[in-house]
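These values consider heavy atoms only, across backbone and side chains, with no hydrogens, waters or symmetry-generated copies. Values in this document were obtained by computation on a predicted structure and should not be read as measured data. To find a chain, count down the sequence lines: A is the first, B the second, and so on, and within it residues start at 1.
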Number of protein chains: 2
Amino acid sequence: MKQKTKRADKASGNFNQKKIIKNGNKVSKMGSESIVEIKSDFKVCIAQINSSLGDFKGNAFKIVEIIKQAKLQNARLVVFPECALFGYHPFDLLERADLVNEQLKYLKWISQKIPSGISALIGHISINKKSNGRPYHNSSALVSKNKIEKVFHKELLPTGDVFDEGRFIQPGSINNNIFKIDKYNILLTICEDIWAWPDSSGRSIYENNPIQKLKNLKFDLIINQSASPFFKDKIKLRKSVASQTAKSLNAPVLYCNMVGAQDEIIYDGGSFVVLPNGETIMQSSQFQEDINYFKLKQRLGGIRPIVQKKAEVLRRALVLGIKDFCFKTGISKVHLGLSGGIDSAVVVSLAVDALGPKNVQAIYLPSQFSSNLSQKLASQLCENLGIKLIEFPIEEIFEKMNSGLQKYFKVEGFGLTQENIQARIRGTLLMAFSNFSHSMLLNTSNKSEFAAGYSTLYGDMCGGLCPIGDLTKKEVYLLADHYNSEWEVIPQGLIDRAPSAELRPNQKDTDSLPEYDVLDRAVENLVENSKTARSNVEKWLIGAIQRSEFKRWQAPPILKISKHSFGRGRRFPIANRSKTRQ
Amino acid sequence: MKQKTKRADKASGNFNQKKIIKNGNKVSKMGSESIVEIKSDFKVCIAQINSSLGDFKGNAFKIVEIIKQAKLQNARLVVFPECALFGYHPFDLLERADLVNEQLKYLKWISQKIPSGISALIGHISINKKSNGRPYHNSSALVSKNKIEKVFHKELLPTGDVFDEGRFIQPGSINNNIFKIDKYNILLTICEDIWAWPDSSGRSIYENNPIQKLKNLKFDLIINQSASPFFKDKIKLRKSVASQTAKSLNAPVLYCNMVGAQDEIIYDGGSFVVLPNGETIMQSSQFQEDINYFKLKQRLGGIRPIVQKKAEVLRRALVLGIKDFCFKTGISKVHLGLSGGIDSAVVVSLAVDALGPKNVQAIYLPSQFSSNLSQKLASQLCENLGIKLIEFPIEEIFEKMNSGLQKYFKVEGFGLTQENIQARIRGTLLMAFSNFSHSMLLNTSNKSEFAAGYSTLYGDMCGGLCPIGDLTKKEVYLLADHYNSEWEVIPQGLIDRAPSAELRPNQKDTDSLPEYDVLDRAVENLVENSKTARSNVEKWLIGAIQRSEFKRWQAPPILKISKHSFGRGRRFPIANRSKTRQ
C-alpha cells in the first residue's frame, strides 16, 4: 500500500499529478468544468451515494441526476454501489413482493430519463425467474437510454455477522457477468464475490473462489459494487481483497462502495481503484457522498484524503451513524440523560456533531447518591457544547417508589432492587420526554458494560439508538480525548474521575467489574475476535456474557464499528447450558 | 392421511393392532417387557428426546441411557433428533470452537459407554476438515461400541424465518449418506434435506432437490433426523414432505423430531414413520419426550394419540415453551402483572400449567383509571388458579412523577405521556419484584397489539419471555374459552368485557384500533402470510407495523406458534422509507 506516503503531497479531489506528468498529459482537475479530455479514453464515474432503504423514488432521482452530470463530464459509464436503487440491507423487506416490483418500475423509469451515449451499472434487487431457488437475486443492471441491456447477479452470499442474504437471494454466477463497452472487456462483481481469498490461516469460508474460475480470461477492468459495512481498519481488508483480485486477473479493480448508515450498520464509502501491483490510483472520500472519476487507459483518478487517525475515523463513523438513523427514520431531535460521567459526555458530543446543538437536549436526573461534582461537570459540558440542560431530581419519586416497595412488596434495606429502581425511574422520565417532545432518547451504554451485563434493562438500557455500544471503555476515553484535542470540550475533571454509576453511596464501577483496561482486552478477545477464554478475567467474562444475554436481546440498535458488535450481527441463545468454566 | 379415523380405536402407546392381526403376529405392546420378538426383523428405536443446548454432558448421559434401554428391547439401531448432542439451534454458539470440541469429546465418550450389537445415529456438530467452506457441518454420526463408523452431513440449509445455518455450517451431499446395517440399505437425511419439494404454487426455494438425485437407487429405509420448529398445522406439512420422499424413493420414511423448547422456538416432537402410500405406521407423542419402536420388515410401530383440537395444541405448545425456557435458563419462579384483562389472564393460566401455582405470583397494580371490576376479576382469577395476588396501587407514584413532569419538564394536561408513565411505573415495579425475589417477569403482549404498536416500550413490553406474543387476540380468546371448557377457570366476566388498557378514563382498545376480528385477519395476512396489503385496514396496518418496528426490536423473546412470528425470525429494518400507501 503506497497510499499513505503519497497522500501527503495531494490536495483533496485533485488529480494524481505524478501519473499525469509521467504520461505527458496536461494537468487538470477531474470533476471540474475545465477538463482537458483525451476523448479516446474510457472514463468511468464512481457514484458513491447514500441510498435510503425503501425510498425508490428518492434513490432513482439521485441516480438519474448523477448520470446526467457524468454525461456532461464525458463519462461513458457510471458505477453505483450494490443495491443503490433498493437501499441496503433490505433484510426481510424482501418478504414484500410489492416493494420489489415497485423498485423495478423505477429501474425502468431511470432508463427512460437518462441521456444517450452513457451507461450505468445500477445495483438493485431482481426477480429470480426460475421456479426453483430463492425468489430474488442481488443484481446489477447495465442500463442505457431506454434499455436495460443486461442484468448481472451476485454469486457469493455473505451470511456472517450482520448479513442475511441467504434468506431471499438466489446466487448467480459471475461467469455470466462479463460485458463489453466500446472495446473494453469488463467483469462485474458484487461485494462478496471478491472476498473468497483465504485468510492468514489459509482458510476461506467459501468452497470455491469465483475469481479463480476466470483467471484465463483477459479483462480490461474489474468492477465491484459494494455495500460494505464499516469497522475499524476495514479499508485495509478491502484493499487487500481488491488487490488480490486485480493481481489474479491482471486488471484494475474499481471498488464502488455505499456510503451512509442503516440502523446498526455504517457504510463508509471510501471507493477506490487499485492496480494489479497494489497501487491505489483513485480514492473517494470516506463517510460522505462522493462523485469521482477514473480514466481507464491513462490509469488516472481523483484522490481524496483519507483520515488515518483512529479517533477521528470513529468520530466520523458514529456521527454518520447518528445522523443517518435520524434522517432515515424522520427524527430531528434527540435527548439523553447526562450523568456527569464519560459515556454520556461522549454521546452528547457526538449528537451535537451529528445534529447541531439546537437539536440536542441534555437532562440531568440526580438522586441522593449523585455528587455535586456530577452536576457541575454535566452543566459545564452543556455550556461548552451550547446545549440546554434540564435538571430533574428523582429523589422524591425514588422515595415514594421505595416506600411502596416496603409497604406492598415487603422489601427492606437497600440493595440491587433500589439501585435498579433509580435507573428505571430515569428511563421512564427520559421516555416521557420523548412522548411530549417527539425527540429520540439516545442510549449511552458502551461495549464493556454490555459484555459484563453491567447495566439495568429498561433503565440505562433505554433508548432508540445506542451510538457507543460497540466501543470499549478505552475507546470511549479515546474519543473524549479526541474531542479535547484543540480545546477542552469535555471538562477534564469528568475524564479524570473514577467511573461510577452513583446508585449507592461511594459506588465505583471497579466494585463490581475488573479494571477497565483488563476488561476491555477480554471483551476484544471474546466478543470482537471470538477467541476462546484463557485468562481468569476472560473465564469470568464468558460467564457474565452468557448470564446477561437476556438483557442484550432487548437492547437498542447499536452502531457497529468493530468486526463483531453486540446487536443483530451477534446471535446468541439465552437458554444455553454450556459450561462457562467459572 | 388415514391417521385421524384410525386414532379413535387406539389407546395411548399401543400397537397398531389392525396391522398386527393382518400380519398374523401375536398382539403385544412395544416398549414393554413382554414383547414377542420376530428376531429376524430390524427393530429401530426412535428416541424423541429433549436436548439442552450446550449441555453436552447431560445430553450424552441421556443418549447413552436410551441406547442401553433400546438394546434391552433388541433394537438394532437408535435414531436421535438432529443435533441431539449439541442441542439445537446453536446459532452463534458456533463462534466458540471450544464448545464444538468439547461436544466431540462426548461423542467419543458415548461410543465407549454403549453396549455392542447396537448402533445409533447421533445428531451433532462436526468440523469441516477442508480448508475451504464454513467451519462446521450439521452432522449425524453412526456410532457403535468403541467406534464412530461414519459421519453424514446435512445438504440443504434452511435460511428463512428463525434459521441461520448458513452462518457456520458447510453443506454436505446426501449422496454420501447411504449405509448398510445387516442387509438393509438406509439413506440418512437431516431435516431440510427432504423439504425441497415444490409448494402449491409449484415453487421450491431450493435449486435442486437432493432426494430426486437418488431416485434410481433402492433403499429399505429413509431416515430423517429433525429439529423442526412447531407452528400451527406444521405436522401436516411434515407428513406431506415425508410422504413425497417415501413415494419418490419407494421406501418408508422414519422422521425423528426434537422435542422441547429453545428460547423462542418450540420443537413439538411428533416423530413418525410413513409408507410410500402415505400411511402413518408409527406415531410418537407431541410436546413430550417419547421412546418409540418400529419394525422394518413387519412395518409395525407404536402409535400414540395426537391432539387435534387447536386450542389444546396451542396450550401444550406454550406450556412446553414456558417450562423449557425456565428450566434451561435455571429459573424456577415467574410473576406477572394482572390487569383484569384477557391477555394477562391467559398468560397466568399458562404459567400455572407450566410451573405449578406455587411458582407463579400475580401482581395487580391499579391506577386511578382501573375499575373496581378489574380488581374483582383479577382477584377471582387468582383464587381459581390457587395463586397469590399482591395488590400495589400506583396512583401515588404516578402523581409524584406527574408533578415532577409538570415542574421540571413543564408538561401540562393529560395525554400519551401520562398514559405511558403508568405502564412504565408498572414495568419498573414488576422488574423490582424480579430483583429481590429472583423471579422472571412474564410479558403479556399479544401479536395483534405488537403489530399495531399498541404497547408501551419499557412498560407493558417488559418481561423475560412473551408467551402469547405470536397469538392474535382471537387466539387469546380461544385459549381462554379452552381453559373454561370444563369449569370456569377464567371468570366469564373477564372474557366478556371490552378490552381496555385502562390508562385514561373509559378507555377502550377500539378507540385506537380496528375491531380485533378485522385487525387479527390483517395481522394474519400481512405478518403470518407476508401478503401484500389490500384492504384499508391492511394498508393502515402496514404503516403501523413499520412505525412500531423500533419497539419490537427491543421486545422480549416471543414463543413462536405461527408460520411467521414477531421475534428473531422476522428481521425488519427500522430506518425504512418505503411508502406505506396510507
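For the pair Leu53(A) and Ala575(B), the tightest heavy-atom approach, listed with the atom from each and the gap, is CD2-O, 3.8 Å. Taking every heavy atom of both residues into account, Asn576(B) and Gly54(A) meet most closely at OD1-CA, 4.2 Å. The two residues Trp553(B) and Pro556(A) come nearest to each other via the heavy atoms NE1-C, 3.8 Å. Shortest non-hydrogen contact noted between Pro557(B) and Gln554(A) is CD-NE2, 4.4 Å. Closest heavy-atom contact between Asp164(B) and Arg571(A): OD1-NH1, 3.0 Å. The shortest heavy-atom contact between Gly166(B) and Thr159(A) is O-OG1, 2.7 Å.
A cation-pi contact, defined as under 6.0 Å to the ring centre and within 45° of the axis, links Arg134(B) to Tyr206(A). Figure legend: Arg96(B) and Phe572(A) shown without cation-pi pairing, the cationic atom not lying both under 6.0 angstrom from the six-membered ring centre and within 45 degrees of its axis. Cation-pi check for Arg577(B) over Phe56(A) is not met; the charged atom does not lie both under 6.0 angstrom from the ring centroid and within 45 degrees of its normal.
The candidate from Thr417(A), Thr329(A), Ile421(A) with the greatest count of non-hydrogen atom pairs under 4.5 Å with chain B is Thr417(A). When each of Ser52(A), Gly404(A), Gly202(A) is checked for heavy-atom pairs under 4.5 Å with chain B, Gly404(A) comes out on top. Heavy-atom pairs under 4.5 Å with chain B peak, among Phe550(A), Phe168(A), Phe433(A), Phe163(A), at Phe433(A).
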Decide yes or no on side chain to side chain contact (heavy atoms under 4.5 Å, CB included) for Thr428(A) and Met401(B), but give the supporting numbers first. CA-CA 9 Å; Thr428(A) 298; Met401(B) 212 171 244; 3.8 Å; yes

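Relative ring orientation between Phe392(B) and Phe409(A) is described as perpendicular, the plane-to-plane angle rising above 60° on a 0-90° scale split at 30° and 60°.
Qualifying side-chain contact (heavy atoms from CB on, under 4.5 Å) partners for Lys407(B), counting only residues two or more places apart in sequence or in other chains: none. Tyr106(A) meets the ring pair (Phe, Tyr, Trp, His ring centres under 6.0 Å) test with no other residue; sequence neighbours excluded.
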